[in-house]
Amino acid sequence: MTHVLSAVAWPYANGPRHIGHVAGFGVPSDVYSRYMRMAGHDVLMVSGTDEHGTPILVQAEAEGITPRELVDKNNRIIVEDLVALGLSYDLFTRTTTRNHYAVAQELFATVHRNGYMVEQTTMGAISPSTGRTLPDRYIEGTCPICSYGSARGDQCDNCGNQLDPIDLIDPRSRINGETPQFVESQHFFLDLPALAEALGEWLHGRDAAGAWRPNVLKFSLNLLDDVRPRAMTRDIDWGIPVPLPGWEDQPNKRLYVWFDAVIGYLSASIEWARRSGDPEAWRQWWSTPSARSSYFMGKDNITFHSQIWPAELLGYNGRGARGGSAGEYGALELPTEVVSSEFLTMEGGKFSSSRGVVIYVRDFLSRYQPDALRYYIAVAGPENQDSDFTWDAFLRRTNDELVSTWGNLVNRTASMIAKNVGSIPSAGDLTDDDEALLAAVRGGFATVGSLIQGHRQKAAITEAMRLAGEANRYLAAQAPWQLKKTDPARMETVLHVAAQAVVDLNTLLSPFLPHSSSLVHRALGGEGEFQPMPVIAEVDDLDGGPAYPVITGDYSSAPAWEPRPIVPGTPVAAPSPIFTKLDESVVEEELARLRGDS
RNA sequence: GCCGCGGUAGCUCAGCCGGUCAGAGCAGGGGACUCAUAAUCCCUCGGUCGUGGGUUCGAGCCCCACCCGCGGCACCA
């Protein structure tokens with residue numbers, strides 16, 4: 001048994017999340033975590049909402065509410081959506097807790113003390129009316145190269161050239177139109193060059209271990225070719241105060257949102273431990289070299305997880321060129337794996353909230369089953385390359401695969417048993433065909449399990465579904481509905497074998513389809529829930545801040561990743577369908593909705 | 001421009017270290033069956049594996065060049 005940290009990317013709280021987001025970090029991390037628990041590992045799955053940064057301020061202003069009101073609102077929406085999807089977080093918290101503030105400040109202070117946080121003066125744009133940093137992308141003006149009138153500060157969308165906002169002609173703020181001021185400002189920079197060698201050692205070690213996806217590793221190694229110090233503070237009044245004399249009381253100096261966001265993995269682990277009654281419990285995942293940690297995210301986050309976060313940890317541990325010593329938490333383990341997904345597109349194009357090309361998780365789940373979405377993401381998601389979500393493909397995957405292949409297998413098996421026996425039948429002598437099916441399904445525990453552990457979930461669920469197909473073929477070949485008249489004893493044996501196959505296939509599919517796994521479980525005479533599910537708990541801040549909702553759960557009842565022998569005589573009632581078949585018309589309905597027709 | 005990814009049957013894609021690797025699902029055509037949400041099962045049509053070279057006894061799989069599509073290029077979360 002190993003301690004396994006499932007570190008899941010933190011959804012940004014400037015709005016609700018769409019299905020592309022949960023395809024990138026949500027479903028893959030939950031499948032992995034559920035499987036690892038079933039395989040007997042001690043899993044700690046943590047995340048939360050990321051609530052600092054300029055876009056939060058911009059959105060709050062647009063809605064005419066305070067940043068705090070905005071993040072409170074979106075935190076709750078996101079929490080509800082992730083629970084509805086069945087994501088089994090041990091703790092899903094947020095970055096505005098006092099605990100998180102304290103942990104982030106401890107990291108910053110120690111990295112600073114060790115000499116990896118260096119103060120520099122920079123020229124940057126601020127909004128004259130608010131005094132806040134104006135990120136490059138929030139400045140627009142006329143492109144000095146092609147004279148395009150709406151070039152962004154970081155790049156011109158017309159000619160594609162990278163720009164420096166100070167070169168823009170007639171620059172203006174995209175937030176409120178005012179002319180930005182370019183002023184000198186003091187900031188702290190994470191000294192990546194001083195940590196580059198240690199980062200390289202770590203990355204090459206990960207390379208040698210061989211578990212990372214090649215593109216993630218290559219991208220990360222490329223980053224090392226050109227490391228520069230990177231600013232970890234901002235001129236902004238929303239965020240975590242800089243914990244240094246002369247800085248902590250300045251209302252317009254705050255930690256950079258990404259500096260504290262990645263620290264969330266640690267602060268959430270600590271918060272989980274404090275709430276568990278053993279405040280030191282988090283060390284089993286963070287201070288133990290034999291522990292594993294897997295970080296799940298979309299590809300846009302790779303930089304922060306394969307460079308910034310490990311650099312923060314190395315700086316904290318005092319493991320860079322300047323030496324140093326670890327802070328009060330002691331030396332902390334770097335990521336074992338950075339598991340990055342590519343992007344999900346929508347009907348051939350990028351998701352775009354502003355253009356309405358988007359499906360929010362909430363809207364999706366209001367019309368379709370969560371396991372249908374989970375299935376689609378697992379089997380057709382952006383695991384290794386960008387993949388496209390289309391309603392047509394969703395309909396086909398749901399109807400032809402979930403409903404017809406798997407749901408129907410469960411239904412026909414339970415139905416025949418209920419009608420002809422009324423309980424799980426016992427088996428007579430097994431034929432070669434019987435043994436072959438049982439052996440194939442039993443073999444799935446090794447093959448499907450290792451594929452999930454290797455983050456090849458598409459192949460894993462495809463293999464599980466292939467085995468379901470074998471069970472369907474078995475039934476067609478054995479034709480128990482004919483044996484009913486000719487050889488009732490043999491019919492019972494066949495139904496016994498089929499029931500055993502269904503029960504074990506249900507176990508194999510349950511990390512992907514946790515909601516329906518309980519329905520299948522009960523369809524064959526089981527009781528209660530098969531896969532434990534997350535819950536929302538309203539909790540008080542541990543250190544006196546405002547109360548907030550968290551996702552948590554007791555997953556100790558997770559079933560073991562192994563065959564479960566069925567018990568003859570267990571009553572089986574006539575089943576009702578597990579999955580809802582979709583009408584062809586939903587494709588056109590949803591496309592109309594996307595176009596804004598409704 | 002630089003870096004990376006992809007280009008395999010009508011569609012979506014598998015093909016790890018080169019040698020039954022020319023595959024799967026869906027769509028199309030034909031048939032079987034009736035337990036099951038008209039679900040299931042069988043058979044079948046279909047590809048010179050982007051292009052041109054090269055290495056090799058042998059290459060979707062390695063090397064070079066080119067064409068096409070996509071993503072990233074940092075203070076943006």
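Labels below follow one simple rule: chain letters A, B, ... track the order of the sequence lines, proteins then strands, and each chain is numbered from 1. Excluded from the calculations below are hydrogen atoms, water molecules and symmetry mates; all remaining heavy atoms, backbone and side chain alike, are included.
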(message) By the 4.0 Å heavy-atom rule, please label A:R396 as base, sugar-phosphate, or nothing.
(response) sugar-phosphate
(message) Regarding A:R228, tell me which of base, sugar-phosphate or nothing describes its non-hydrogen contacts under 4.0 Å with the strands shown.
(response) base
(message) Let's see if you can work this out: which of B:rU37, B:rC42, B:rA27 has an atom nearest to the side-chain heavy atoms of A:K581?
(response) B:rU37
(request) Pick the C1' atom in B:rC64 and in B:rA9, then give their distance to the nearest Å. (result) 29 Å
(request) Describe the nucleic acid contact of A:K218 in one word from base, sugar-phosphate, nothing, applying a heavy-atom distance below 4.0 Å. (result) sugar-phosphate
(message) What's A:V403 touching, base or sugar-phosphate or nothing? Going by heavy atoms closer than 4.0 Å.
(response) base
(request) For A:K458, report the nucleic acid contact type (base, sugar-phosphate, nothing); a contact means any heavy atom under 4.0 Å. (result) nothing
(message) With rounding to the closest Å, how many angstrom separate the P atoms on B:rC16 and B:rC62?
(response) 8 Å
(request) Heavy atoms only: give me the nearest A:I566-A:H496 pair and the separation to one decimal. (result) CD1-O, 3.4 Å
(message) Rounded to the nearest 0.5 Å, what separates atom CD1 in A:I56 from atom CD in A:E61?
(response) 12.5 Å
(message) Checking understanding here: a glycosidic angle within 90° of 0 is syn, the rest anti, so what is B:rG60?
(response) syn
(request) Between B:rG46 and B:rG10, how far apart are the P atoms? Round to whole Å, please. (result) 11 Å
(message) Just to be sure I understand the rule, does A:T303 reach a base, reach only the sugar-phosphate, or reach nothing, if contact means heavy atoms closer than 4.0 Å?
(response) nothing
(message) Go nucleotide by nucleotide along RNA chain B from the 5' end; which of A:L402 and A:R397 gets its closest nucleotide reached first?
(response) A:R397
(message) Please report the distance separating the C1' of B:rC35 from the corresponding atom of B:rC26, rounded so that it comes out in whole Å.
(response) 25 Å
(request) Indicate whether any N or O donor in one side chain lies under 3.5 Å from an N or O acceptor in the other, for A:E342 and A:N384. (result) no
(request) Name the nucleic acid region contacted by A:F343, choosing base, sugar-phosphate or nothing; use a 4.0 angstrom heavy-atom cut-off, strictly under. (result) nothing
(message) Quick check for you: among B:rU40, B:rC5, B:rC26, whose closest atom lies nearest to any side-chain atom of A:N408?
(response) B:rU40
(request) Could you work out which one of B:rG72, B:rG25, B:rA77 sits closest to the side chain of A:K350? (result) B:rG72
(request) Go through the side-chain N and O atoms of A:W309 and A:Y265 and say whether any donor and acceptor fall under 3.5 Å apart. (result) no
(message) Base, sugar-phosphate or nothing for A:K299? Non-hydrogen atoms, less than 4.0 Å.
(response) sugar-phosphate
(message) The side chain of A:D386 is closest to which nucleotide in this list: B:rA77, B:rG71, B:rG25?
(response) B:rG71
(message) Just N and O in the side chain of A:Q482: are any of them under 4.0 Å from OP1 or OP2 of B:rU34?
(response) yes
(request) Would you please confirm or rule out a distance under 4.0 Å between OP1 or OP2 of B:rU40 and any side-chain N or O of A:Y474? (result) no
(request) Using the C1' atoms only, state how far B:rG71 lies from B:rC61, rounded to an integer number of Å. (result) 24 Å
(request) Answer with base, sugar-phosphate or nothing: what part of the nucleic acid does A:R456 contact at a heavy-atom distance below 4.0 Å? (result) sugar-phosphate
(message) Which nucleotide wins on minimum distance to the side chain of A:N222, given the candidates B:rU37, B:rG4, B:rA77?
(response) B:rG4
(request) Apply the salt bridge (charged side-chain N to carboxylate O under 4.0 Å, His left out) test between A:E401 and each candidate in A:R466, A:R396, A:K581; give the one that qualifies. (result) A:R396
(message) If you assign each of A:W481 and A:A476 to its closest nucleotide in RNA chain B, which residue comes earlier from the 5' end?
(response) A:W481
(message) Starting the side chain at C-beta, find the nucleotide from B:rG4, B:rA74, B:rC35 nearest to A:R230.
(response) B:rA74
(message) Any base atoms under 4.0 Å from A:D300, or only sugar-phosphate, or nothing? Heavy atoms, all strands.
(response) base
(request) For nucleotides B:rG50 and B:rU8, find the distance between their C1' atoms and express it as a whole number of Å. (result) 10 Å
(message) By the 4.0 Å heavy-atom rule, please label A:P55 as base, sugar-phosphate, or nothing.
(response) sugar-phosphate
(message) When the P atoms of B:rC63 and B:rG25 are compared, how many Å lie between them, rounded to an integer?
(response) 32 Å
(message) For a quick check of understanding: with a heavy-atom distance under 4.0 Å over all strands, which category does A:I302 fall into, base, sugar-phosphate or nothing?
(response) nothing
(request) Calculate the interatomic distance between A:E463 atom CD and B:rG23 atom P; express it in whole Å. (result) 19 Å
(message) Can you tell me which nucleotide in B:rA74, B:rC35, B:rG4 comes closest to the side chain of A:D226?
(response) B:rA74
(request) Figure out the OH/P separation between A:Y376 and B:rG25, and round it to whole Å. (result) 19 Å
(request) May I ask you to check if A:K299 and A:F343 form a cation-pi contact, with NZ or CZ under 6.0 angstrom from the six-membered ring centre and within 45° of the axis? (result) yes
(request) Sticking with atom C1', work out how far B:rG52 lies from B:rG15, rounded to a whole angstrom. (result) 24 Å
(message) Under a plain distance cut-off of 3.5 Å, with no hydrogens placed, do A:T233 and A:H187 share a side-chain donor-acceptor pair?
(response) yes
(message) Check the phosphate of B:rA14 against A:Q385, side-chain N and O only, distance under 4.0 Å to OP1 or OP2. Yes or no?
(response) yes
